[in-house]
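Every chain is numbered from 1 and lettered A, B, ... according to where its sequence line falls, protein lines coming before strand lines.
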Amino acid sequence: MGENIKINIQHLTRVEGHGNIVVDLKDGAIIKCNLEIVEAPRFFEGMLRGRSIFEAQHLTSRICGICACGHTLASIQAAEDALGLTPSDQTIKLRKLLLHMELLDSHILHIYLLALPDLLGVRSFMPLIATHNDVVRRALRLKKACNDVCNILVGRHVHPIRATIGGFTKLPSENDLDTMLNNLSNLHEDLDETVELISKLQFPQFQRDSQYVALVSDDGEYPLLSGDVGSTRGVRINKSEYKKITNEYMVPHSSAKFTNLNGEPYAVGALARLNMNCRKLHSKAVEAAKKLNLSNGGNNPFLNTAAQTVECVHCLNDAIGILEALKTSGIDYKEEILVGANETSAIAVKAGRGVGAVEVPRGVLFHAYEIDEEGRILNADIIVPTSQNIANIEGDMRAIIPGIKHKSEEEITLALEMLVRAYDPCISCSAHFLDVRFVD
Amino acid sequence: MAYVVLRKDRFDDFVSALSAQRKVMAPVSRGYNQFEFDEVHSGREIALSYIPTILPPKKYFMPQRETLIQFNSDSAEAVVDFYNMVILGVHTCDLAGIQCLNMVFSERPKDYNYLVRKNNITIIGLECNDYCDKYASCTLMSAELPNGGYDLFITEFDEYLLFHVSTQTGEDIINSVGIFEPANASHMSRLAGYRRQKRSIFNKELPVDSKDIAALFDKSFNSRVWDGLNERCLACGNCTNVCPTCYCFDVIDEPALDLTTGRRYRRWDSCQLEPFARVAGGANFRESRGHRQRHRYYRKFSYPVRKFFRYFCTGCGRCSRACMANIVLKDVLRDLLREHQ
Amino acid sequence: MARPKAAFFDFSCCEGCQLQIANFGESLLDILNVIEVVEFREIMSEKYDGTLDVAIIEGSINTPRAVERIKAIRARSKTLVAIGACATTGGVNGIKNVFPLDEIAGYVYGGNFRDYETIQTMAVHQVVRVDYFVHGCPIYPPEFVAVLKALLMAIPYDVPDYPVCVECKLNGNVCMYDRGVSCLGPVTRAGCNSWCINNDNICYGCRGMVSNPNETGAIDVIKQYGLSIERIVNKLEMYNKCRELNPHG
Amino acid sequence: MNRQILNSSHFSVERGVIVKARELSPHDKLFEIALPEGKRLHHDPGQFVEVSVFGAGEAPISVCSSPTQGDTFDLCIRDVGRVTHTIHTLREGDTLGVRGPFGRGFPVRLFEGNDLVLIAGGLGIVPLRSLVQYVISNRRDFGKVSILLGCKTPEDVLFGDEIEQWNKRIDVHFVCTVDKADPEWCGHVGVITSLIPEEMLIPERTFAVIVGPPVMYKYVIGELLKKHIPDRQIIVSLERHMKCGMGRCGHCQIENLYCCCDGPVFHYDEIKHIEEAI
Ligand SMILES: Cc1cc2nc3c(=O)[nH]c(=O)nc-3n(C[C@H](O)[C@H](O)[C@H](O)COP(=O)(O)OP(=O)(O)OC[C@H]3O[C@@H](n4cnc5c(N)ncnc54)[C@H](O)[C@@H]3O)c2cc1C
Ligand code: SF4
Ligand code: SF4
Ligand code: SF4
């Protein structure tokens, strides 16, 4: 196109929620380069006020259907932090299992249904049903298996039922453990083929030295459900000080709240986690990373999809490990939680403040609540990965445009769309607090 | 009339042997002093001392959802799905409930879905030593003692179980398991003593002669009691769903995605539910909750008496236990009685 | 028979109900055999602006622009299906209506709140005619399939007008009230196969209330169990707040 | 699980073929049905069959032709819901499931030698048509015959051509009234009770048959009683929700009676003490 470009992509497809890409290049200078969010506002933090802390997890799960389990886990963590409740080892194991399923399921959805069509040069997975039937079936099979495990573990994947403050309302039977193990053990081959498939694809070549943020810890485990928050620029702070990291600010040109760390945008998500913690991956995942040239992470945002593939392998193998451990130790059913327990005062309630920080598929997610002595929510703050990524996405767009401005409008559009999609943005998540101004 | 004895420490062996032959269903604990019939494989899983289960054993005779017809584009077959099973530990009230259902479904036209299933179920009864709770009215309904309707019947004593062998099927089970001893005179006299003692525990729960209840209902149709229930009932249908003698159903078609194959099945329905008696055009012939409650009581204490010459209440107390509005059968009867004093 | 042309549209929601459909696994392909999906923004880039046989709507209506958009969709669709609580009852988005609009927008957005175009949350049928309802947060997949079949046969789908307790009892669950915990099952319409109680949680009322709940009776029950009325009313508001505005659309 | 095929289930259906389908109004269609191999239904006027379309369900529908019609029978179906709508989409040559006939029909033996007043409101003409046809084919066996029909508007009058025939006959007294007339209407306007013939009525030898919407019965019966027609000689056909047709599913129960087996046709003396009946 050249030195004057006007691009306006309305209702970006194959992402969660509604967003637009607007680029305005005049005489080679970038006038405008925005990712705009047009999702209708949903006011979750506002709605939470005055409600029981025991309802927070039920409600915040409804922020996003795809990361429903992630929101649930972050919300529970924040609530337990506020109430001063320490979950049992068994509970933590089961929560990790749940989080693994969430990552696996969401990554599969992104890799196969949202990203793959771009890489194979089609508009959606629909045409793939005819041309790559085995690939589509594999994707649906993988998703189904994750779902089946979630159905057993928490009743359903979208808006889980059994996971609650204190633990689980119902724990899996011995039979259930076997079924889950069996479901997951059948996936090795499908995942191997997924790695194979991704390794053969051509990702756009593009590097930018972004700052990456993810949970970090001192033990040997790939941190997803606990840890401090760290960045590739060497920052490390406790989750309770999350605001120092997320540092929200409003920008006039865009409709979204932005975040930065030390005055610089940052990225969260699979690639960020790999950059921070790739040494801690399961050995099988390390092999996959090698195969996908991600042994030490990397700086190409398009490779986020490949990083997700590596995490799939990690999650599957670690999940199987957890299930095997639970089978050996047996389940203690006395730990089952009676919900609405607040009504029977089984869980002591006190005033306090708590923060949850959980690595959900798209990056680190923060929930923070302040409650009164009766357990009513006074204030709520939720910071989702996508809003943390927006500033960085715009940074990437600015960096990529000079290199592609000579291409056709279609090519530029596709490149920008692919870039945004690679981050797997979840706009319905972000919409709970985004400024909405329609760009008709 | 044969009686055999099983040492209590062999009960587990008995159940294991039985479950090697076929499915064994028995009461298991669900916590909160609640029990439910479920498949068991060993005696340890069974709660021998239990109060009436959440659902009565009718669920095995007339499952919650049961296929009646399997169809495809050019044929339709009437089918019945069943298991060969033993229900172990059926209290006398539930035996009475099964007897009621047997009458209903054996009437012409016979219901073969029910009858085929019934013919594949072996029933092992279990005697109650004491009242389960304040909701029971089994003595009023003459269901506190065994009155047939079983293949084997167990009475529990401290160190052994006494089995009454009532049918050939029962006899075959005893023989095939082969860990029983014949009962002797002392066993029998102990049983007689036990039953005598039981009579002093189980007393008529309401100050009315059982046979007069039908007459009480003859004059209670416009009682104010029903208005009271109208205020309280939530129309949740719990009372009928847990009732051992309720058998109303709905018939529903369920096609597959191709829309030509599929099944027609029946599912428990309840006269307490809002849409039950609604017809096209919107008329609802039992629109008020009070009238629906009245209908339920008349279906227990009045209408069946005219048709089957017995009450369709077994005194199990389930409807009262399951009602969160605390509508208690004994209280309703007591209120009706009071109105006519 | 030509496959009816169907499109998915999302309004304000978490998109979990669409995901429920994507989660069908390989049987999703069977569904795609009987309907032709021509637009599904979440997973497809294809767009379609002709006449639709079926419009499947997710999410609630809470901006003036959404009102216009749903009206336009209705105008070009032969049948319209509302899926998920957000679309069928307003869902949790309805809680917003508990607060004065200015107040809640101000809380979330600070000084600039007047820039936001937002109106009271509404269910889809409160704005346009809806032919089929698939209630629930999220939708119960077997019910979605049942509705799809009714739709293909061009016959009505009757949403059960009796409470969740019915299915709960058929499943032989221990009643939550017997555990000393309040449950919205008695006033919530069935159709989810008592999903939450099967998992030992309470019913939160996500399918909306039955058409004729005995509200005074329910309050009696809550008192009798020594439970807090305030909490129950609060719970009922989670999914039933939109009921009070313009209930018949 | 074991599965057994039942040869004699009462839920089994026969496949009836639609030999003719005719539109009577925008929401009513008349279907002429033949059973396989020329089998006869052998129904009494007033009885009903359970009609089904697999996938949509089953619904009770009155047989609206006389048993004297021969090898086929008629069903007149109003499109109100799942089953009835699906049936409306069927064409000649298509099949539908039939079970029955069920229930107790009109006591035609008792009618013989007596005068008849047949009163239909709206769709009530459908079950009554089988009786009218029967009476006309055996006209000699009955005394005076009056047919009174009440409808909301002239458009709701079904079987117009047939009614025309009844109207022309010298051996039948036919009157029709509508609640709201249109300019072309030249019949009566007003409630059906006003049509009940006064002078020529001999109570002891008159049987009155009423079929109509639930609200109609009270008024018409009241009027007939005023004219001293004995309880036993007032005959009604009642509608209830029904699922099985065998007196089990419970939906059609009217206190201790089952509309599907004990009815749908009742003598007034059988139900007058039954509050839920009308
Ligand atoms: C003895 C008898 C004879 C009848 N004769 C005729 C006739 O000749 N022609 C005719 O058009 N209709 C007749 N009906 C009414 C007809 O049975 C109902 O209109 C039909 O069942 C509706 O079924 P559907 O599946 O189409 O409607 P649905 O979609 O099931 O429901 C529509 C409405 O009908 C009600 N309904 C559903 N099932 C039944 C049922 N089994 N009985 C009554 N109401 C029901 C529902 O409550 C709902 O309000 C008769 C009914 C009875 C009891
Ligand atoms: S259980 Fe109680 S509340 Fe429910 S329908 Fe029966 S009487 Fe009514
Ligand atoms: S648990 Fe809830 S849904 Fe189940 S019976 Fe009790 S009140 Fe009803
Ligand atoms: S049990 Fe209640 S909250 Fe749960 S899915 Fe069903 S209606 Fe919704």
Side-chain angles (χ1 to χ4, degrees), chain B residues 67-73 76-84 104-105 107-113 116 120 221-222 246-256 259-264 266 269-271 275-281 283-286 291 295 298-299 302-304 306-307, chain D residues 1-15 50 52-60 78-84 86 95 97 102 122-123 213-215 238-259 261 273-278:
Chain B
T67 306
L68 298 173
I69 291 192
Q70 197 74 45
F71 57 81
N72 58 41
S73 54
E77 276 172 343
V79 295
V80 50
D81 294 331
F82 62 96
Y83 290 102
N84 198 317
V104 169
F105 288 100
E107 269 214 313
R108 277 173 205 287
K110 289 179 194 288
D111 190 296
Y112 294 100
N113 289 73
V116 166
N120 282 282
F221 202 77
N222 289 313
C246 274
Y247 54 87
C248 288
F249 56 83
D250 197 0
V251 179
I252 302 160
D253 276 21
E254 188 180 67
L259 306 182
T260 52
T261 58
R263 66 167 184 156
R264 173 166 294 170
R266 71 171 156 201
D269 205 341
S270 165
C271 60
F276 188 77
R278 205 190 283 154
V279 295
N284 189 340
F285 292 96
R286 267 186 298 277
H291 289 172
H295 185 69
Y298 274 77
R299 278 200 58 153
S302 175
Y303 309 149
R306 301 187 218 173
K307 197 162 179 178
Chain D
M1 193 177 64
N2 309 296
R3 169 163 281 192
Q4 184 180 319
I5 292 172
L6 294 171
N7 297 323
S8 52
S9 162
H10 285 267
F11 290 102
S12 309
V13 302
E14 293 218 58
R15 295 260 167 167
E50 285 281 351
S52 60
V53 183
F54 283 117
E58 211 175 29
R78 171 159 296 184
D79 176 358
V80 297
R82 289 189 303 273
V83 183
T84 49
T86 315
T95 61
F102 292 110
L123 209 56
V215 288
L238 302 181
E239 191 197 338
R240 287 296 184 274
H241 197 125
M242 285 177 191
K243 283 297 175 186
C244 69
M246 296 180 270
R248 287 212 179 89
C249 78
H251 288 268
C252 75
Q253 210 174 356
I254 310 171
E255 298 190 14
N256 62 319
L257 299 174
Y258 284 87
C259 188
C261 314
H273 302 295
I274 296 190
E275 294 184 26
E276 286 186 354
I278 27 194

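In terms of heavy atoms, Arg15(D) sits closest to Ala76(B) at NH2-CB, 4.2 Å. Summarising the geometry of Ser12(D) relative to Ala78(B), their closest heavy-atom pair is OG-CB, 3.5 Å, with the distance given to 0.1 Å. The nearest pair of heavy atoms linking Ile69(B) to Phe54(D) is CG2-CE2, 3.7 Å. Here the closest heavy-atom approach between residue Pro275(B) and residue His241(D) is recorded as O-ND1, 4.3 Å. Here the closest non-hydrogen pair linking Phe71(B) and Gly55(D) is CZ-N, 3.4 Å.
Atoms SG and CD, on Cys271(B) and Gln253(D) in that order, are 8.0 Å from each other to the nearest 0.5 Å. Glu276(D) contributes atom CD, which lies 8.0 Å from atom NE2 of His291(B) (distance to the nearest 0.5 angstrom). A distance of 13.5 Å separates NZ in Lys243(D) from CZ in Arg266(B), rounded to the nearest 0.5 Å. Atom CZ of Phe11(D) is separated from atom CG of Asn113(B) by 6.5 Å, given to the nearest 0.5 angstrom. Arg286(B) contributes atom CZ, which lies 8.5 Å from atom CD of Glu255(D) (distance to the nearest 0.5 angstrom).
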Full working for side-chain contact (heavy atoms from CB on, under 4.5 Å) between Tyr112(B) and Asn7(D)
CA-CA 10 Å; Tyr112(B) 294 100; Asn7(D) 297 323; over 6 Å; no

Verdict with reasoning, Ser9(D) to Leu68(B), per side-chain contact (heavy atoms from CB on, under 4.5 Å)
CA-CA 9 Å; Ser9(D) 162; Leu68(B) 298 173; over 6 Å; no

After noting the C-alpha distance and the side-chain angles of Phe82(B) and Met1(D), does the key distance pass the side-chain contact (heavy atoms from CB on, under 4.5 Å) rule?
CA-CA 6 Å; Phe82(B) 62 96; Met1(D) 193 177 64; over 6 Å; no

Output, in order, the C-alpha distance, side-chain angles, deciding distance and verdict of side-chain contact (heavy atoms from CB on, under 4.5 Å) for Arg264(B) and Ser52(D).
CA-CA 11 Å; Arg264(B) 173 166 294 170; Ser52(D) 60; 3.1 Å; yes

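At a 4.5 Å heavy-atom cutoff, the contact between Gln70(B) and chain D is made by side-chain atoms alone. In this structure, the portion of Lys307(B) lying under 4.5 Å from any heavy atom of chain D is its side chain and not its backbone. The part of Val53(D) that comes within reach of chain B is its backbone (N, CA, C, O), which places non-hydrogen atoms under 4.5 angstrom from that chain. Proximity to chain D (any heavy atom under 4.5 Å) is shown, for Val80(B), by both the backbone and the side chain. For Thr261(B), no part lies under 4.5 angstrom from a heavy atom of chain D.
In this structure, Arg240(D) is positioned above the aromatic face of Phe285(B), its NZ or CZ under 6.0 Å from the six-membered ring centre and within 45° of the axis.
A donor-acceptor pair under 3.5 Å is absent between the side-chain atoms of Asn256(D) and the main chain of Tyr303(B), judged by distance alone. Asp81(B) places no side-chain N or O within 3.5 Å of a backbone atom of Arg3(D) that could act as its donor or acceptor partner. Between the side chain of His251(D) and the backbone N or O of Phe276(B) there is at least one donor-acceptor pair closer than 3.5 Å.
Taking the side-chain contact (heavy atoms from CB on, under 4.5 Å) definition, one finds that Val80(D) meets it with Ala280(B), Arg78(D), Thr84(D), sequence neighbours left out. Remark: Phe221(B) engages Tyr298(B) in a ring-ring contact (aromatic ring centres under 6.0 Å, His included) (not counting sequence neighbours).
Chosen from Asp111(B), Ile252(B), Thr260(B), the residue pairing most often with chain D at heavy-atom distances under 4.5 Å is Asp111(B). Most heavy-atom pairs under 4.5 Å with chain D, from the set Glu254(B), Arg306(B), Arg108(B): that is Arg306(B). In terms of non-hydrogen atom pairs under 4.5 Å with chain B, the most contact-rich of Cys261(D), Ser8(D), Pro214(D) is Ser8(D).
A 4.5 Å side-chain heavy-atom check between Glu275(D) and Asn222(B) finds at least one atom pair inside the cut-off.
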